[in-house]
Amino acid sequence: MRHHHALEITLTRPLKTAELRHAARAWPLAANSDATRLMTLVAAKTPDRAVRRLVHRLSARLPIDVITPHYPDANGKVLLNLALTPATHSALKTGARHAGQTPERFLHLALHRAVAEHADQEAERLDRAARHLLTHTTPAHLLSAVGHALTRLPEGPTP
């Protein structure tokens with residue numbers, strides 16, 4: 001049974017209007033305001049097949065960086081389709097071979113390590129910031145101020 005999969009395309013650069021029109025002749029696309037990301041629907045049995053079908057139809061027409069389903073799968077995972085340069089692909093294969101893994105498994109583990117390292121660094125940064133703030137106030141006042149600030153935040157994180 002075929003389902004419609006919402007796919008997001010991240011581009012390596014903004015598209016010109018003519019490029020977007022040319023690509024949209026091959027596949028219906030919706031662009032964001034600066035034409036660096038596109039959305040589309042693809043009918044396929046699986047998200048992987050949907051991504052492959054889209055790559056086949058659009059890779060010659062668009063400067064594709066990443067294609068990913070817009071929604072996670074039933075396990076909460078998101079499929080990433082990365083356009084690797086030949087040198088990067090070669091390095092990935094070499095690293096995987098040295099580790100005794102497939103390139104897919106090698107990349108999977110490397111991404112998990114990178115995400116975990118980023119999460120640890122962010123936790124340490126927040127801990128340092130909280131300790132610094134606590135040198136000038138009480139825990140109760142800090143907690144109250146954080147709660148107040150959180151109720152006034154715009155959607156999404158700030159840089």
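Here, residue 1 is the first one in the sequence, and each next residue gets the next number. All of these numbers come straight from a predicted model, not from anything done at the bench.
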Result for side chain to side chain contact (heavy atoms under 4.5 Å, CB included) between L11 and one of D34, L20, L38, N32 points to L38
CG of L62 to CD1 of I9, rounded to nearest 0.5 Å, is 6.0 Å
Problem - Within-4.5 Å side-chain heavy-atom neighbours: T88 and L92 - result: no
Between T137 and L142, the two heavy atoms sitting closest are CG2-CB, 4.0 Å
Result for side chain to side chain contact (heavy atoms under 4.5 Å, CB included) between T10 and one of V66, I67, T68 points to V66
- [ ] Spell out, as yes or no, whether a donor-acceptor pair under 3.5 Å connects the side chain of R37 to the backbone of E8.
- [x] no
**Side chain T12, main chain D65, donor-acceptor under 3.5 Å** = no
All heavy atoms of F106 vs all of G95, minimum pair found to be CE1-O, 3.5 Å
Check: Is there a side-chain contact between W27 and R53, using heavy atoms and a 4.5 Å cut-off?
Finding: yes
For residues 43-51, please give each side-chain donor-acceptor pair under 3.5 Å, one per line with the distance, not counting sequence neighbours.
residue: T46; atom: OG1; partner: R49; partner atom: N; Å: 3.1
residue: D48; atom: OD2; partner: R52; partner atom: NE; Å: 3.2
residue: D48; atom: OD2; partner: R52; partner atom: NH2; Å: 2.8

*Decide if atom NE2 of H136 counts as having more than 12 heavy atoms of other residues, nucleotides or ligands within a radius under 6.0 Å.*
yes
By side-chain contact (heavy atoms from CB on, under 4.5 Å), A6 pairs with (sequence neighbours left out) M39, L41, H70, Y71
Minimal heavy-atom distance between A26 and R57, with the atoms involved, is O-NH2, 2.8 Å
Looking only at heavy atoms, the pair that brings H5 and H3 closest together is CD2-O, 3.4 Å
Note to self: With a 3.5 Å distance limit and no angle check, can you tell me whether T94 reaches the backbone of S90 through a side-chain donor-acceptor pair?
What the structure shows: yes
- Query: Within a strict 4.5 Å, meaning less than it, do heavy atoms of the L29 and L58 side chains meet?
  - Reply: yes
Interatomic distance, CG@D127 vs CZ@R125, rounded to 0.5 Å, equals 11.0 Å
Hey, does P63 have a side-chain heavy atom less than 4.5 Å from the side chain of R13?
yes
Should we say atom NE2 of H108 is surrounded by more than 12 heavy atoms from elsewhere, each under 6.0 Å from it?
yes
